[in-house]
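First comes the structure, then the notes that go with it.
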Amino acid sequence: MTGTGDADLNGTQGSFTWGHSALEAEFALAPDGTPRLVRLGDTGAVPAVPAPPDSALPLVELTALGHGSGWSGPRFTGTAFGTRLKYRDHRTGRRGDQEWLTVELHDPATGLTAFAELTSPGGLPVLSSRVRLRNDGPEPLVVQSVSSLLFGGLPAPDALDVRRARNDWLAECRWYTEPLRGTVADINVGAHQHDSRAALVLAGRGSWPTDGHLPMGALTDRGSGRTWLWQIESPAGWRWDLGERAHGTYLALNGPTDAEHQWRVRLAPGEEFTTVPGVLALGAGFDAAMGALTSYRRAVRRPHPDHITLPVVFNDYMNTLMGDPTTEKLLPLIDAAAQAGAEYFCVDAGWYDDSADGGWWDSVGAWLPSARRFPDGGIRTVLDRIRERGMVPGLWLEPEVVGARSPVAAALPPDAFFRRDGVRLTEQGRHQLDLRHPAARAHLDKTVDRIVGDWGVGYLKLDYNIVIDPGTLAPGDLAPGAGLLGHAHAYLDWLSGVLDRHPHLVIENCASGGMRMDGATLAVAQLQSTSDQQDPLRYPPIAAAAPTAVPPEQGAVWAYPQPGFDDDLIAFTLGGALLGRIHLSGHLDRMTQRQLALVRDAVTTYKAIRPDLARAVPFWPLGLPGWTDEWLALGMRPARSAQSSDDPPSYLTVWRRGGEPELRLPVGHLAGREVRAEILHPSSASASVAADGSAVWDGDGLRVSLPRTPAVLLVRLSVTGV
């Protein structure tokens, strides 16, 4: 379905609707000539009522030097709401599976034209919005902020709970919930004739866009459970706001702004700027909204065979070689990984290090193999051994950085690096490349084409371990935040070019774990590191919540069993990764054959269920995990509703780190049906571990018993009847 209704508004009162079978949006023209989104709903599970006219907000909010109060929105002055940008036209259409709507707005005083560009994948209650600005006037215009999505008319703060996710190094994806009214104060402002300026504001920082918080959030109506879930697809700065207007709640999604990120752009006559997308998913509850967002993420990302095949990756770093690879250490590890069932083998950090003391941090940049570490035949001996054992070789790379002691630092021109006030920036002994510069891009193209094209490497783990804040001032940059966003977009464009030249290459995105776990990067890279957490007892809440940030087939979860672990801990360490993308590590070469068999059984189980994971969406029977929860659970269910006995199964991982030995888990989408519960991990071959755990379906949920801690079960739930 495309736009319907009064399509020719002519600057007067009128309305039109747009959407498809799963999403419908209604737009109305206010008396001041601004178009406003007055209704947005899931046409099935989440019916929506039109927003009161005084609570609906203009489609676009922006501030500009010399014009702030005239274009500002609820976050800046509390008085004007984009009223200078008047409706001029709208167009609708379809591209592939995407419905699109473009609403054109114009300010006659300056000549600024704004295009609100909305898209939605058919069949999904998800709206993506970005704003394109074009200066059609005679004078330059300096923009300080511009919204990607602005939506008012949500229920009052008293009725809503807000969710957000702390995302810190070694402690990623920690969601927490609080009443929105706890932050947005209830202020009686009737005598002042304006709305409260109280708001909940969250912003990202620096070149790690997910450091501190995920660029996400959710509102849930406490009575009905109806949920609005959002993400900002920015590879750099971002900001979202929740506030009160006309006794309702508004949501504003932004990329970087001047106030938070030192971002400004100057639009000369004829120049354009486009915001990062803001995405809003709807659902009858949080799990339903997250299921829709997961399907949306799959619909908009770059296609790649890896998303379907989900090969098992062994990486030598975590709790194993820890950046100290040599031929002597790697060859037996390669053999053991192949015996365990790995299909890719990635040599992590250190392969380029020729120093005697491992002091490579501030000397990287040339990315040539160490002769000291690989004395006989060089690194090709290792890569050949990986291929001989039936696996695809991979290497770790940190492409954006050049050590201050590296010869590359002197070989490239000064403008190829981040600079401020003419000074090259140095962070932790390293310089940051600016991928907008052709010399920086040529350097990395040459590096990757040598590693992938000449050496035959099929997997690159691309890390990023420094933070540049607020950015760079290259020629043409008005502010450092604009330089940072420009580089971040150029980096993703470079990644796309690499994949165009090497279409079977698999790229893992990493930034000290999950510090760059944003939607823009995930739409290009095939895998996403979820954490650098080394403690198997602390990883479960990260693994259980990771599907909120990344689809399960892209979320790399470490599984690092060790020969010193008992059988329970080996099973626990492996089990936490089986509903994500298993990233195997550990000293498998030092294990007994019995221990290695436990690893092989878990990998075999993963390979059996991975075709279902590539199509599944997450759910959380116990709610989103807390950092210290004793019991945790993550489920995967078919993306479509289970309606018949031949539906794909659902899966449930249950962890116990303490507490009572038995627990009941509700599984709402299977309630009232005949279901067979089958324990897949630990497998029956691991009798000493599996015999003590049980899982029984009781008609509406699963009763689980785990007498010992730590313990984990992976259960398959198959519908056998109505």
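Note that the coordinates shown come from a computational prediction; the quantities given were computed from them, not determined experimentally.
Atom CD of Gln554 and atom CD of Gln528 lie 8.5 Å apart (nearest 0.5 Å). Taken from OG1 in Thr521 to CG in Asn509, the straight-line distance is 5.5 Å, to the nearest 0.5 Å. The distance from the CZ atom of Arg581 to the CD atom of Gln526 is 9.0 Å, given to the nearest 0.5 Å. Atom CG of residue Leu622 and atom CG of residue Leu663 lie 5.5 Å apart, to the nearest 0.5 angstrom. Between atom OG1 of residue Thr309 and atom NE2 of residue His304 there is a gap of 8.5 Å, rounded to the nearest 0.5 Å. Here Asp348 contributes atom CG and Leu395 contributes atom CG; the two are 9.5 Å apart, rounded to the nearest 0.5 Å.
Residues Pro563 and Thr592 fail the side-chain proximity criterion, which asks for heavy atoms closer than 4.5 Å. For the pair Leu282 and Thr227, the minimum side-chain heavy-atom distance is 4.5 Å or more. At a threshold of 4.5 Å between non-hydrogen side-chain atoms, the residues Arg656 and Asp629 do not count as touching. By the 4.5 Å heavy-atom criterion applied to side chains, Trp655 and Leu634 are counted as neighbours. In this structure, the side chains of Pro547 and Trp620 come closer than 4.5 Å at one or more pairs of heavy atoms. For the pair Val392 and Ile386, the minimum side-chain heavy-atom distance is 4.5 Å or more. Side-chain atoms of Glu508 and His583, non-hydrogen and from C-beta on, do get closer than 4.5 Å to each other. At least one side-chain heavy atom of Arg385 sits under 4.5 Å from a side-chain heavy atom of Asp335.
Between Phe314 and Phe345, the two ring planes are parallel [angle under 30°; tilted spans 30° to 60°].
Remark: the Tyr464 side chain and the Glu398 side chain contain no N/O donor-acceptor pair separated by less than 3.5 Å. Checked by atom type, the side-chain pair Glu99/Ser120 shows no donor-acceptor distance below 3.5 Å. Arg516 and Thr210 share no side-chain donor-acceptor pair at under 3.5 Å. Glu172 and Asn167 share no side-chain donor-acceptor pair at under 3.5 Å. With 3.5 Å as the limit, one finds a donor-acceptor pair spanning the side chains of Arg297 and Gln231.
Closest approach of Leu23 to Leu124, counting heavy atoms only: CB-O, 4.0 Å. Contact between Leu584 and Leu588 at its shortest, heavy atoms only, is CD2-CD1, 4.0 Å. Ser531 approaches Leu170 most closely through the heavy-atom pair OG-CA, 3.8 Å. A pairwise comparison of heavy atoms in Asp589 and Pro332 identifies CB-O, 3.6 Å as the closest pair. Across all their heavy atoms, Gly693 and Ile679 have their closest contact at O-CD1, 3.7 Å. Here the closest non-hydrogen pair linking Leu310 and Arg610 is O-NH1, 2.9 Å.
Using modelled atom types, no side-chain atom of Thr605 and backbone atom of Val603 make a donor-acceptor pair closer than 3.5 Å. With Arg657 contributing its side chain and Leu537 its backbone, the two residues share a donor-acceptor pair below 3.5 Å. In this structure, Arg637 contributes its side chain and Pro618 its backbone to no donor-acceptor pair below 3.5 Å. Between the Trp351 side chain and the Trp396 main chain, a donor and an acceptor come within less than 3.5 Å of each other. When atom types are taken as modelled, the side chain of Arg298 and the backbone of Thr294 share no donor-acceptor pair closer than 3.5 angstrom. Within the 3.5 Å criterion, the main-chain N or O of Pro121 finds a donor-acceptor partner in the side chain of His20. Checking side-chain atoms of Ser585 against main-chain N and O of Asn315 turns up a donor-acceptor pair under 3.5 Å. Under a 3.5 Å cut-off, the side chain of Lys607 and the backbone N or O of Gly341 do form a donor-acceptor pair. Of the possible donor and acceptor atoms, none in the side chain of Trp455 sits under 3.5 Å from a partner among the backbone N and O of Leu383. Judged by distance alone, with hydrogens and angles left aside, the side-chain atoms of Thr530 form a donor-acceptor pair with the main-chain N or O of Ala556 at under 3.5 Å.
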| Does the pair His669 and Ser650 meet the rule for a side chain to side chain contact (heavy atoms under 4.5 Å, CB included), with working shown? | CA-CA 10 Å; His669 71 281; Ser650 297; 2.8 Å; yes
| said: As a quick check of understanding, evaluate side chain to side chain contact (heavy atoms under 4.5 Å, CB included) for Leu652 and Leu714, giving each step before the final call. | reply: CA-CA 6 Å; Leu652 195 57; Leu714 171 62; over 6 Å; no
| Can Val704 and Leu706 be said to form a side chain to side chain contact (heavy atoms under 4.5 Å, CB included), step by step? | CA-CA 7 Å; Val704 174; Leu706 289 169; 4.0 Å; yes
| Stepwise side chain to side chain contact (heavy atoms under 4.5 Å, CB included) test for Trp697 and Arg676 | CA-CA 7 Å; Trp697 182 256; Arg676 179 165 61 94; over 6 Å; no
| task | Assess whether salt bridge (Lys or Arg N to Asp or Glu O under 4.0 Å) is satisfied between Arg302 and Asp500, documenting all intermediate values. | result | CA-CA 11 Å; Arg302 179 189 178 101; Asp500 287 343; 2.7 Å; yes
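Applying the ring-ring contact (aromatic ring centres under 6.0 Å, His included) rule to pairs touching residues 278-299 yields Trp175-Phe286, sequence neighbours excluded. Sorted by first and then second residue, the ring-ring contact (aromatic ring centres under 6.0 Å, His included) pairs with a member in residues 497-542 form an empty list; sequence neighbours excluded.
Ion pair Asp42/Arg226 not flagged as a salt bridge, since none of the NZ, NE, NH1 or NH2 atoms sits closer than 4.0 Å to an Asp/Glu carboxylate oxygen. In this structure, Asp612 does not pair ionically with Arg716, as no charged nitrogen and carboxylate oxygen lie closer than 4.0 Å. Between Arg174 and Asp168 there is a salt bridge, since at least one side-chain N of the basic residue sits less than 4.0 Å from a carboxylate O of the acidic one.
Asn319 pairs in a side-chain hydrogen bond (donor to acceptor under 3.5 Å, both in side chains) with only one of the listed residues (Gln534, Gln562, His587), which is Gln534.
Atom CZ of Arg538 has 12 or fewer heavy atoms from other residues, nucleotides or ligands within 6.0 Å. No more than 12 heavy atoms of other residues, nucleotides or ligands lie within 6.0 Å of CG in Asp97, so this atom counts as exposed by the packing criterion. Within 6.0 Å of CZ on Arg501 lie more than 12 heavy atoms contributed by other residues, nucleotides or ligands. Under a cut-off of 6.0 angstrom, the local environment of CH2 in Trp169 is sparse, with at most 12 non-hydrogen atoms contributed by other residues, nucleotides or ligands.
Under the salt bridge (charged side-chain N to carboxylate O under 4.0 Å, His left out) criterion, Asp287 pairs with no residue, sequence neighbours left out.
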